[in-house]
Amino acid sequence: MVVIVWRYALRLGALVAGVAGVVLTLAAPAQAAFATEMGGLPARFTAGDQVRTISAVVSQTDRRGGCVKVRWSMVLRVQGIRLDQVKMDRVEENGDFPVEIRTEGDVARLTDRQLDPGTLCPGRTVTARYRVAFAEDVSQGRVTLAAEAYDANLRLLARQTATRSVLGAGGTGTRTPTPTPSPTPALPSDPPSEPASEESAPTEEAIADQPVDAAPPPAGRPVAQTGGFGVVQAAFLLGGLLLSLGVGLLLRLRHLTRAAKDEAEAEDPPVDRLWERPAPTGRWHPARR
């Protein structure tokens, strides 16, 4: 009986460990399955009437993954120039694409109000295009662009950054390094929202003075200021709960086997005790003469 109980206990422990491992594996971040590249960047930007069109392309490197919709967010940081000296528009083949603009200090974020028309699948990419121009009164400065691709649930898929110098008309400068990938930030905490209607008016004005957030806001809703409870945290919590449950069951089974063993010994005493003579229970009386 003891062997059978311990056999079931080992099977239960293996089952709990397997379930916890599967949950943690499925809940692991999937940033490694996606990649983003930026194209159309010049060696340096020139202020004035020159308008540059840059692009951000996200691809899916995992051939086993499914198709997802993408929401783009472009983060723009300036040095030596002001945000009101920069004009950036999100464009598609049929014209301007509506975005929500938030600014804070020398940083601005342009987030799509609706999902990109394309669909990201294995072997198929999704591209976002932006028109960038700088005011004529810019003499010299630097601009850093970070293209971020999110899915419909505001989970960050991939991020790519690039830094370029900005010179006034007729100015000279040196080439800047090529774009390099940057670490992935924390997951956004807000739930996804419904895409905005196609009748949303596209923005043609320069970047406005609105607060910028660390993650793209959902369309038509303010961004939460507190961190959220992500999938990874929930997976670890579930794994810990399953582990605690398994340990508790093992301890309970150990207690039951010990009790069963004690009962068996009480009913069938060992052989060395069978020949013991029981002690007299009555009072000793002397023999009569």
Applying side chain to side chain contact (heavy atoms under 4.5 Å, CB included) between Val126 and each of Val57, Thr36, Val58, report the one that passes.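 When Val57, Thr36, Val58 are each tested with Val126, the side chain to side chain contact (heavy atoms under 4.5 Å, CB included) holds only for Val58.
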Of all heavy-atom pairs between [X] and [Y], which one has the smallest distance, and what is that distance?
| X | Y | answer |
| --- | --- | --- |
| Thr127 | Glu92 | O-OE2, 3.9 Å |
| Phe97 | Pro117 | CE1-CD, 3.9 Å |
| Glu136 | Gly48 | CG-CA, 3.7 Å |
| Met74 | Met38 | CE-CE, 4.3 Å |
| Ala147 | Trp72 | CB-CZ3, 4.4 Å |
| Val51 | Ala133 | CG2-CB, 4.0 Å |

Can you tell me how far apart [atom1] ([X]) and [atom2] ([Y]) are? Round to the nearest 0.5 Å.
| X | Y | atom1 | atom2 | result |
| --- | --- | --- | --- | --- |
| Arg71 | Asp112 | CZ | CG | 7.0 Å |
| Glu148 | Leu156 | CD | CG | 6.0 Å |
| Asp106 | Leu76 | CG | CG | 9.5 Å |
| Thr46 | Leu167 | OG1 | CG | 6.5 Å |
| Gln79 | Gln140 | CD | CD | 11.5 Å |
| Glu93 | Arg129 | CD | CZ | 6.0 Å |

Worksheet item: Got a sec, which residues hit side-chain contact (heavy atoms from CB on, under 4.5 Å) with Gln85, two or more places apart in sequence or on another chain?
Response: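 For Gln85, the residues satisfying side-chain contact (heavy atoms from CB on, under 4.5 Å) (neighbours in sequence not counted) are Ile81, Arg82, Ala135, Asp137, Val138.
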Report task. Apply side-chain contact (heavy atoms from CB on, under 4.5 Å) to Thr119 and list each qualifying residue two or more places apart in sequence or on a separate chain. Result ->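 Only Cys67, Lys69, Cys121, Arg124 meet the side-chain contact (heavy atoms from CB on, under 4.5 Å) criterion with Thr119.
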Taking the side chain as every heavy atom from C-beta outward, state whether [X] and [Y] have any atom pair closer than 4.5 Å.
| X | Y | answer |
| --- | --- | --- |
| Phe34 | Leu120 | yes |
| Leu41 | Leu145 | yes |
| Leu157 | Arg155 | yes |

Discussion item. Looking at Asp116 and Arg90, is there a salt bridge between them, counting it only when a charged N and a carboxylate O are closer than 4.0 Å?
Written reply: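 Yes, charged N to carboxylate O under 4.0 Å.
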Exercise. Could Glu100 and Arg102 be called an ion pair, given the rule that one side-chain N must be under 4.0 Å from one carboxylate O?
Worked result: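 Yes, charged N to carboxylate O under 4.0 Å.
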Exercise for review: For Arg142 and Ser165, indicate whether the former's side chain and the latter's backbone hold a donor-acceptor pair under 3.5 Å.
Suggested key: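 No, Arg142 side chain to Ser165 backbone: no donor-acceptor pair under 3.5 Å.
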* Arg164 side chain to Pro42 main-chain N or O, any donor-acceptor pair under 3.5 Å? ->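 Indeed, once roles are kept as given, a pair shorter than 3.5 Å links the two residues.
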Partner residues of Thr144 under the side chain to side chain donor-acceptor pair (under 3.5 Å) criterion, sequence neighbours left out:
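Thr144 satisfies side chain to side chain donor-acceptor pair (under 3.5 Å) with Thr163 only.
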**Study point:** By side chain to side chain donor-acceptor pair (under 3.5 Å) - contacts of Arg63 (at least two apart)
**Key:**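 Scan of Arg63 (side chain to side chain donor-acceptor pair (under 3.5 Å), adjacent residues dropped) gives none.
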Exercise. Using the test ring-ring contact (aromatic ring centres under 6.0 Å, His included), find all partners of Phe45 that sit at least two apart in sequence or belong to another chain.
Key: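 Expected list: Phe134.
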Pairs in or reaching into residues 73-111: which pass disulfide bond (SG atoms under 2.5 Å apart), with residues at least two apart or in two chains?
->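 Counting only pairs at least two positions apart or across chains, no disulfide bond (SG atoms under 2.5 Å apart) contact touches residues 73-111.
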